[in-house]
Asker: 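One structure is given below, represented as structure tokens, and several questions about it will come after.
This one's a predicted model, so the numbers in the text were calculated from it and none came from an experiment. Lettering follows sequence order; numbering is per chain, from 1. Just so you know, these numbers use all the heavy atoms, side chains as well, and skip hydrogens, waters and symmetry mates.
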Amino acid sequence: METLELTQEEQFQARIDADVRIEPKDWMPDAYRKTLIRQISQHAHSELVGMLPEGNWITRAPSLKRKSILLAKVQDEAGHGLYLYSAAETLGASRDQMLADLHSGKAKYSSIFNYPTLSWADMGCVGWLVDGAAILNQVPLCRTSYGPYARAMVRVCKEESFHQRQGFEIMQTLCEGSPEQKAMAQEGLNRWWWPTLMMFGPKDSESPNTAQSMNWRIKRFTNDELRQKFVDMMVPQAEFLGLTVPDPNLKWNEAKQGYDFGDVDWEEFWNVVKGNGMCNKERLQARVQAHEEGAWVREAALAHAEKRKQREAVAA
Amino acid sequence: METLELTQEEQFQARIDADVRIEPKDWMPDAYRKTLIRQISQHAHSELVGMLPEGNWITRAPSLKRKSILLAKVQDEAGHGLYLYSAAETLGASRDQMLADLHSGKAKYSSIFNYPTLSWADMGCVGWLVDGAAILNQVPLCRTSYGPYARAMVRVCKEESFHQRQGFEIMQTLCEGSPEQKAMAQEGLNRWWWPTLMMFGPKDSESPNTAQSMNWRIKRFTNDELRQKFVDMMVPQAEFLGLTVPDPNLKWNEAKQGYDFGDVDWEEFWNVVKGNGMCNKERLQARVQAHEEGAWVREAALAHAEKRKQREAVAA
Amino acid sequence: QAQLFPFVLQLADTSLILAHRLSEWCGHGPILEQDLAMANIALDFLGEARSYYQYAAELEGKGRTEDDLAYLRSAVEYRNPLLVEQPNGDFAVTIVRQFIYDCFHYHLLLQLKSGPDAQLAAIAEKSVKEAAYHIKWSSEWVIRLGDGTEESRRRVEKAIGNLWRYSGELTTPSATEQALQAAGLVPDYAAIQQQMAAHIARVFEEATLAVPEGVFMQKGGKDGRHTEHLGYLLAELQYMQRTYPGLEW
Amino acid sequence: QAQLFPFVLQLADTSLILAHRLSEWCGHGPILEQDLAMANIALDFLGEARSYYQYAAELEGKGRTEDDLAYLRSAVEYRNPLLVEQPNGDFAVTIVRQFIYDCFHYHLLLQLKSGPDAQLAAIAEKSVKEAAYHIKWSSEWVIRLGDGTEESRRRVEKAIGNLWRYSGELTTPSATEQALQAAGLVPDYAAIQQQMAAHIARVFEEATLAVPEGVFMQKGGKDGRHTEHLGYLLAELQYMQRTYPGLEW
């Protein structure tokens with residue numbers, strides 16, 4: 001009889017292959033759980049750290065309307081962080097532990113947020129390019145095998161595509177504006193183009209975990225596939241805006257019906273991953289400082305809740 | 001015999017009456033020493049605190065030339081503070097104690113610095129009006145009876161009159177500039193006129209120490225005399241600039257060959273003296289904070305000097 | 001009705017400056033949930049500011065836009081009370097500043113909602129729902145901090161000690177407001193002052209905090225005489241419009 | 001010679017930004033004597049910046065003034081290295097930032113003084129005397145803080161840990177500088193780097209501090225890619241000129 005029965009692991013894989021969602025109470029392999037916690041918490045941390053480069057321009061937004069849109073966007077990111085931390089918690093991770101891992105440097109967040117935002121055009125670039133790349137990475141995750149993650153991603157993606165449109169709108173307004181505004185847009189694109197291409201991760205040949213993740217359906221396309229898709233999507237948009245993509249090797253390839261493009265500066269990529277980007281220290285310090293300076297607030301809230309509970313117990 | 005000899009106190013007063021300078025090693029009445037320490041340290045504190053309202057505009061000065069002049073001016077004030085603390089030290093006061101009295105609120109500083117600087121025109125008004133009033137108060141002190149104080153004041157007054165000219169120049173440039181600049185100058189005058197009149201202190205009838213101080217020649221004109229002198233000097237300058245002095249009761253009095261002018265808001269005066277001015281808390285907090293945050297620096301300097309001394313002793 | 005212009009502008013400036021201060025917290029809050037809450041409140045105030053600026057522009061009738069009014073006026077032209085321009089300090093300072101202003105704001109909006117000016121009433125109608133949430137939020141935090149730990153109590157008391165002197169200006173009518181009160185266009189501040197005091201007393205009692213007494217009240221903001229903080233705030237807020245005036249963004 | 005323009009502008013921006021940071025201390029220093037010293041050093045850098053801007057304006061020959069160049073260029077147009085735009089932090093951070101820059105500055109000026117461009121040589125001739133005082137002042141403070149108390153040592157070590165990564169950019173030639181080095185107009189940075197390293201080693205030894213090793217060096221400022229601090233600094237620095245362009249002050 002035993003040989004006919006599937007192992008737990010085989011049953012699990014069979015459900016995944018049948019596109020059945022895994023839920024928190026279901027059995028799952030340890031590696032699947034760990035990989036998911038790492039991926040979801042990294043994603044949550046990215047939302048949290050991602051508030052900083054855009055938060056940097058809220059007080060300086062050039063019109064009240066743009067200020068309002070930007071503030072709402074950063075608020076959405078805080079919200080995404082919350083959904084995602086909750087999704088990770090369903091796998092048994094605690095928020096305190098996840099934050100401790102962020103602060104110690106053990107957990108990562110998206111490297112793109114280690115680049116500084118230096119002009120208003122960067123608010124356009126972050127929305128248009130960075131959120132654009134994020135969407136390509138994330139849309140497939142709406143169909144990912146783990147239920148809570150997939151459901152969180154549905155919500156996140158809906159808002160992200162809204163943000164992406166707003167980013168494009170900023171770029172469009174700049175490009176239709178004064179020569180200074182147009183130059184600002186081009187200068188922004190020059191700085192953000194290559195870092196955005198790096199968001200899809202290392203080349204497939206150097207991405208050893210891809211196969212397992214695709215098997216578990218927590219990843220659905222390879223890094224290089226997504227990068228190609230992104231370039232093919234963005235180049236016509238840049239042309240529409242009248243901007244020049246800063247890649248001399250960019251060329252339409254009729255045969256593959258896609259663009260050929262230059263090689264990413266992988267040395268820069270790995271440097272930023274290793275903590276040597278322009279803002280790695282600042283971003284982490286900002287988060288650690290907020291957390292440390294907020295410790296007394298969290299303690300006060302706990303202490304008060306405790307006092308209240310005791311009073312209610314006495315009153316009952 | 002005894003009746004023919006002058007007491008120490010009488011000898012002291014005789015020297016003062018003969019305009020002979022009192023020097024640190026000379027005998028002096030306790031009350032004289034105390035009054036002088038109070039007056040000189042108050043003056044030193046005023047230079048120190050006076051750095052703040054002008055320091056407030058260094059980073060925002062509208063041209064590099066003005067920035068340079070303003071920075072040099074604030075630097076001069078630090079220098080004046082140093083001379084004056086040294087002069088007070090010749091009377092046996094320690095800088096630490098004087099600063100402690102400033103920080104505890106026991107010692108005062110000129111109330112004028114409890115008004116905020118809100119526009120660039122305020123850099124003009126502070127130079128033109130505030131330094132102008134200070135000079136009227138201080139020039140007589142160059143002939144004051146206490147030698148180190150008198151000599152410090154000679155140096156201070158020379159620089160102050162330079163500052164005053166620079167302040168007038170700022171006002172003149174604004175008044176000859178665009179309508180916005182002219183309006184800025186007028187708005188500044190509106191805010192600074194009355195507080196400057198308060199710089200001469202309460203009405204003579206409410207200034208009980210004046211007589212003794214004049215007797216000791218550490219004060220040479222009464223508050224009301226100086227106030228009148230100031231108004232008579234400033235009104236023509238305001239007219240020259242094309243500005244309106246914000247006093248409906250201002251009128252030339254042919255008989256006294258001086259201006260009649262409205263009454264100062266003495267309630268406001270006493271309020272600011274009592275610590276209720278717009279910036280009293282901020283100014284004191286800024287000084288206390290600088291002192292507290294600098295404690296480790298002063299300790300390090302001392303510790304290092306000590307180590308060095310010990311090493312030199314060993315080497316010798 | 002044109003007399004309303006300076007009052008509406010004052011309301012607009014006040015909401016904008018407070019929104020600005022709150023938005024400075026963005027990404028730096030003590031707990032992610034509170035980061036979200038502060039961004040949310042900042043958004044409410046920003047939205048309210050825009051409604052007031054748009055109405056003010058209409059009342060003025062000189063073709064200025066909401067952005068012209070917000071971005072192209074200097075510190076001495078700004079009309080917000082001193083309270084809202086005070087720096088964030090620690091979370092306790094932010095909470096106390098917010099709490100004092102919420103107490104005023106909520107009761108003011110209740111009055112404006114049923115006031116004679118239809119457009120102000122409409123803005124107040126919408127905003128008072130948000131303000132009800134704000135006052136609840138800041139009251140709860142005052143209670144948590146006052147009746148929390150020793151440290152939180154020390155911090156919230158210090159914040160009250162520093163900010164209380166700016167509370168009186170809110171309900172002390174400026175000359176402009178007095179004239180409009182006489183015309184029935186601005187509500188009676190004495191009544192609002194009582195409502196504020198009652199709410200504050202209730203919250204402070206629950207927070208085991210003492211209501212300060214005999215504090216000398218600062219004023220001037222509503223007449224353009226500000227603290228030195230506002231200039232820096234505006235330099236940042238207005239930098240882009242000052243640098244590139246008259247463009248679309 | 002017109003090729004010199006971007007290099008002279010870079011020198012001007014660098015001196016101005018460092019003067020700005022130092023001037024932020026005004027009235028807030030740890031000891032009155034050091035308040036005076038920092039204001040003095042700020043004045044020197046400001047004066048040097050003005051000389052460079054005036055010369056740059058002349059080299060450019062488009063009628064721009066020193067104020068146009070300082071006040072009407074955006075963050076991405078500024079060419080200062082990242083080190084000088086870093087915030088003041090505590091006194092240790094200010095001292096370490098100053099010390100690293102002084103080591104470069106002093107040795108650079110020694111070279112420029114005997115360089116082929118007469119006007120740069122004249123500016124350097126004047127400035128190097130000031131720079132000799134600066135490097136003495138900051139070196140002495142590094143020694144005091146390093147070999148002072150435990151706290152001062154901890155702080156100065158932390159400052160070195162945070163700022164070291166900006167030291168390499170000073171002597172790493174940008175494309176502009178490389179071209180000018182080839183033309184003999186900009187000194188050889190390798191030599192300056194050695195002189196800096198020797199001075200730093202000597203001072204750190206006396207200060208009982210370790211020279212950091214293997215630190216990844218940040219760059220970008222000389223190509224207009226700055227840290228986020230510069231934008232805020234410029235918003236403050238430029239506010240008046242942006243608000244009222246083209247006026248006399």
Side-chain angles (χ1 to χ4, degrees), chain A residues 49-62 113-123 125-126 174 178-195 246 265 267-286 288-289, chain D residues 13 17 68 72-83 85-90 93 96-97 157-169 172 175 212-239 242-243 245:
Chain A
V49 177
M51 294 171 75
L52 298 170
E54 287 176 286
N56 187 41
W57 279 87
I58 292 172
T59 57
R60 292 178 289 172
F113 300 123
N114 291 317
Y115 290 86
T117 54
L118 300 179
S119 84
W120 174 250
D122 291 6
M123 296 302 99
C125 290
V126 169
L174 292 178
S178 75
E180 282 158 313
Q181 286 175 306
K182 180 93 188 256
M184 197 184 282
Q186 180 65 54
E187 195 276 333
L189 177 58
N190 293 348
R191 277 183 293 108
W192 289 96
W193 176 255
W194 290 106
D265 179 350
E267 196 188 324
E268 179 178 325
F269 173 81
W270 290 113
N271 261 324
V272 181
V273 169
K274 275 187 292 187
N276 295 326
M278 176 86 96
C279 302
N280 293 60
K281 274 207 181 201
E282 275 88 349
R283 300 295 185 230
L284 211 51
Q285 275 174 1
V288 169
Q289 196 182 336
Chain D
D13 290 344
I17 298 300
D68 294 338
L72 304 178
R73 283 158 57 242
S74 66
V76 295
E77 292 171 285
Y78 257 70
R79 287 293 177 265
N80 60 281
L82 303 172
L83 176 70
E85 74 199 35
Q86 299 310 306
N88 285 339
D90 65 10
V93 172
V96 170
R97 185 187 60 201
E157 280 178 342
K158 193 175 165 198
I160 293 168
N162 274 325
L163 291 173
W164 206 256
R165 60 193 152 134
Y166 301 118
S167 63
E169 186 183 10
T172 304
E213 279 173 36
V215 173
F216 183 89
M217 290 297 172
Q218 296 297 326
K219 59 185 168 61
K222 296 198 283 192
D223 295 313
R225 291 192 315 278
H226 292 275
T227 57
E228 287 169 359
H229 307 295
L230 186 63
Y232 291 95
L233 187 158
L234 292 182
E236 200 174 310
L237 172 72
Q238 300 183 331
Y239 182 68
R242 294 296 197 180
T243 300

Asker: Quick check: closest heavy atoms across D:His226 and A:Met278, and the distance to 0.1 Å?
Answerer: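 What the structure gives for the nearest pair is O-CE, 3.4 Å.
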
Asker: Once rounded to the nearest 0.5 Å, what's the spacing between atom CE of A:Met184 and atom OG of D:Ser74?
Answerer: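 A:Met184 CE to D:Ser74 OG: 7.0 Å, rounded to 0.5 Å.
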
Asker: Salt bridge or not for D:Arg165 and A:Glu282, using N-O below 4.0 Å?
Answerer: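 A salt bridge links D:Arg165 with A:Glu282.
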
Asker: Around A:Lys281, counting heavy atoms of other residues, nucleotides and ligands shown, do more than 12 lie under 6.0 Å from its NZ?
Answerer: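 Counting neighbours around NZ of A:Lys281, more than 12 heavy atoms of other residues, nucleotides or ligands fall under 6.0 Å, so yes.
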
Asker: Using heavy-atom distances under 4.5 Å, tell me whether D:Leu230 contacts chain A through its side chain, its backbone, both, or neither.
Answerer: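 Neither part.
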
Asker: Which atoms of D:Gln86 come close to chain A, meaning under 4.5 Å heavy atom to heavy atom: side chain ones, backbone ones, both, or neither?
Answerer: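 Looking at D:Gln86, just its side chain touches chain A.
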
Asker: Which heavy atom in A:Tyr115 sits nearest to a heavy atom in D:Glu228, and how many Å separate them?
Answerer: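 Smallest heavy-atom distance, with atoms named: O-OE2, 4.2 Å.
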
Asker: What distance do A:Asn276 atom CG and D:Gln218 atom CD have between them, rounded to the nearest 0.5 Å?
Answerer: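 Reported value, rounded in 0.5 Å steps: 7.0 Å.
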
Asker: Measure distances from A:Gln285 to the heavy atoms of chain D and classify the residue's part below 4.5 Å as side chain, backbone, both or neither.
Answerer: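 Side chain only.
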
Asker: Give, for atom OH of D:Tyr78 and atom CG of A:Leu118, the distance between the pair rounded to the nearest 0.5 Å.
Answerer: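 Nearest 0.5 Å value for the OH-CG distance: 15.0 Å.
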
